[in-house]
Amino acid sequence: MSKVVYKKVVATVSAAILAFSLSACGGGSQETGSSNNSSSPAPAPASSPASSGGGGSEAPLIVKFSHVGTPDSPKGQGADKFKEVLEAKSGGKIKVEVFPSSQLYGDNEEQEQLLAGNVQIINPSMTKLVKFNPSFQIVDMPFLFKSEEAFYKFWDSEMGEKMFAKIEPNGFKSLGVWGGGAKSFTNNKRPLITPEDFKGLKFRIQAGKVLEAQFKYLNASGVTIPFSEVYTALQQGTVDGQENMMNNIDTQKYVEVQKYLTLSEHGRLDYAVLTSKMWWDTLTADQQTMIQEAMDEATAFERSIAKGLSDGSFKKFKDEGRYEIYEMTEADKDKFREALKPMYDEFTPLIGQEFIDYARTLE
Ligand code: LMR
């Protein structure tokens, strides 16, 4: 299937149908992995005997894990930890291949490729799930989550489960929630201190109407650009600035192409670790247990390092002095809370009143 035709299919067919049709026609002769679910198409070449449970002489089950971060980002280190733990736990019967930095799939294709069976695990930022369900944009509601702890409490609660249940019909299965960090702004035009400073500026956004509106209410604009293309877009002036968590700002080397950094912590950037239900159902109970246990260990590890990595990046920026840095005070943030208040009227019905109300209760 040519890339152009493929993209058209992705754009026009629902994800569930897409998962079926792509895996039915896209995997070609490699698509011989056994499946214990005869009503589903077999996933593409994830594994050799995926459902066998593995005897000594059998080829290992291959699990491809694709992500868009660098290996030293929290999600990169979390993926490597998962590989280390699962390979040890399975005694070599499961092999994990990690593809960082959008090497295998980027923002525009990783979710569809997961559903098509061409990769087995991805960890996109929550925002990017907007094309399957708008509620995930809760992470972008301004100043909603009061702390990193509040964020984890939300996703580890029944509300978090309820949110993930919304994308199960699309074929996703959640394996965990990982931390990224609070988002801050960089740009090339001027220090961003008040809402008025944003006027007329163009920012890269990850995806979705909520982020578009955030910049609209600041009299700026937002344009969706895949993560792997942000550096070039900033360098070439396609956009003036971007928002991200501190460790991404660091590991993507935006300092080379941006002048001003504002510590605003106005929203969250965190990750849903996902597999496809179709692939999961081909695994034996033993394989599922090992994978989930290894993921739980990787999740605990990733969460334990995420904030420290971003704090370290910010300290480095201050020490190096390459950015002109502004750290927002609570009084500054209040002005943004006021300017962005209409977002709550506009998007609470779309995201879900109960989710917003619950997030507000968390400290
Ligand atoms: C982004 O697109 O800015 C982030 O979602 C990248 C990431 O950390 O996954």
Side-chain angles (χ1 to χ4, degrees), residues 65-80 82 98-111 113-114 119 121-132 136-140 145 148 151 155 174-187 202-208 210-212 214-215 222-235 238-255 257-258 261 264-274 298-299 302-303 305-310 312-314:
F65 189 147
S66 172
H67 68 88
V68 303
T70 61
D72 51 345
S73 64
K75 75 199 287 181
Q77 292 193 41
D80 291 345
F82 171 71
V98 178
F99 299 88
S101 305
S102 309
Q103 269 167 25
L104 190 58
Y105 302 118
D107 287 350
N108 284 343
E109 56 274 322
E110 65 175 11
Q111 297 168 22
Q113 293 295 344
L114 180 80
V119 59
I121 302 179
I122 59 171
N123 54 3
S125 112
M126 300 281 181
T127 308
K128 293 173 189 168
L129 295 174
V130 61
K131 54 184 161 173
F132 296 96
F136 286 89
Q137 293 174 106
I138 192 167
V139 293
D140 295 314
F145 290 98
E148 194 191 34
F151 180 84
W155 290 102
S174 166
L175 295 174
V177 168
W178 288 5
K183 288 183 297 182
S184 285
F185 298 108
T186 66
N187 93 104
K202 202 186 228 187
F203 287 83
R204 175 267 173 168
I205 59 170
Q206 297 178 76
V210 171
L211 289 179
E212 263 176 46
Q214 172 187 271
F215 287 108
V223 42
T224 297
I225 296 176
F227 190 50
S228 58
E229 294 169 25
V230 178
Y231 181 98
T232 308
L234 295 169
Q235 186 179 43
T238 314
V239 287
D240 303 305
Q242 61 85 45
E243 52 163 28
N244 225 306
M245 57 95 168
M246 226 27 104
N247 188 258
N248 273 348
I249 293 174
D250 184 10
T251 51
Q252 295 298 311
K253 304 193 187 324
Y254 295 154
V255 70
V257 290
Q258 295 277 269
L261 170 66
S264 50
E265 302 192 313
H266 57 281
R268 296 284 318 175
L269 193 152
D270 303 270
Y271 308 115
V273 187
L274 299 172
T299 297
E302 199 274 350
R303 289 184 182 192
I305 61 169
K307 184 158 184 339
L309 287 174
S310 268
S313 293
F314 188 58

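Both counts, for ligands and for their atoms, begin at 1 and track the order of listing. Index from 1, following the sequence.
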Peer 1: Nearest heavy-atom pair of Asp250 and Ser313: which atoms, and what distance?
Peer 2: OD2-OG, 2.8 Å
Peer 1: Using the six-membered ring of Phe151, assess whether NZ or CZ of Arg268 lies under 6.0 Å from its centre and within 45 degrees of the ring axis.
Peer 2: yes
Peer 1: Taking 4.0 angstrom as the limit and counting only heavy atoms of Phe227, give me the atoms of ligand 1 inside it, by number and element.
Peer 2: 1 (C), 2 (O), 3 (O), 6 (C)
Peer 1: Rounded to the nearest 0.5 Å, how far apart are OG1 of Thr251 and CG of Leu309?
Peer 2: 9.0 Å
Peer 1: Nearest 0.5 angstrom please: Tyr231 OH to Gln242 CD, how far?
Peer 2: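 Rounded to the nearest 0.5 Å, the OH-CD separation comes out at 12.5 Å.
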Peer 1: Could you check which of Arg204, Glu243, Gln242 puts a non-hydrogen atom nearest to atom 3 (O) of ligand 1?
Peer 2: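 Heavy atom nearest to atom 3 (O) of ligand 1 belongs to Arg204.
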Peer 1: Select one of side chain, backbone, both or neither to describe which atoms of Thr127 lie under 4.0 Å from any atom of ligand 1, heavy atoms only.
Peer 2: neither
Peer 1: Heavy-atom contacts with Ser125 under 4.0 Å: which atoms of ligand 1 show up? List them by number with element.
Peer 2: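 Listed by number with element, the hits are 5 (O).
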Peer 1: Among protein heavy atoms, which sits nearest to atom 8 (O) of ligand 1, and what does the distance come to when rounded to 0.1 Å?
Peer 2: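 For this ligand atom, the closest protein heavy atom is Tyr271 OH, 2.5 Å.
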Peer 1: How far apart are the C-alpha atoms of Val119 and Glu110, what are their side-chain angles, what is the distance that settles it, and do they pass the side chain to side chain contact (heavy atoms under 4.5 Å, CB included) test?
Peer 2: CA-CA 8 Å; Val119 59; Glu110 65 175 11; 5.7 Å; no
Peer 1: Does a donor on one side chain sit under 3.5 Å from an acceptor on the other, for Thr127 and Asp140?
Peer 2: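 Checked: Thr127/Asp140 side chains pair up, N/O donor to acceptor below 3.5 Å.
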Peer 1: Which of the numbered atoms in ligand 1 are below 4.0 angstrom from a heavy atom of Asn244?
Peer 2: 1 (C), 3 (O)
Peer 1: Taking the side chain as every heavy atom from C-beta outward, state whether Asn244 and Arg204 have any pair of such atoms under 4.5 Å apart.
Peer 2: yes
Peer 1: Numbering the atoms of ligand 1 from 1, which are under 4.0 Å from a heavy atom of Gln206?
Peer 2: 1 (C), 2 (O), 3 (O), 4 (C), 5 (O)
Peer 1: Starting from atom 2 (O) of ligand 1, find the nearest protein heavy-atom neighbour and note its residue, name and distance.
Peer 2: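 Sorting protein heavy atoms by distance from atom 2 (O) of ligand 1 puts Lys128 NZ, 2.6 Å first.
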Peer 1: Below 4.0 Å, non-hydrogen atoms only: which portion of Leu269 touches ligand 1? Side chain, backbone, both or neither.
Peer 2: side chain
Peer 1: In terms of residue, atom name and distance, what is the protein heavy atom nearest to atom 9 (O) of ligand 1?
Peer 2: Lys75 NZ, 2.5 Å
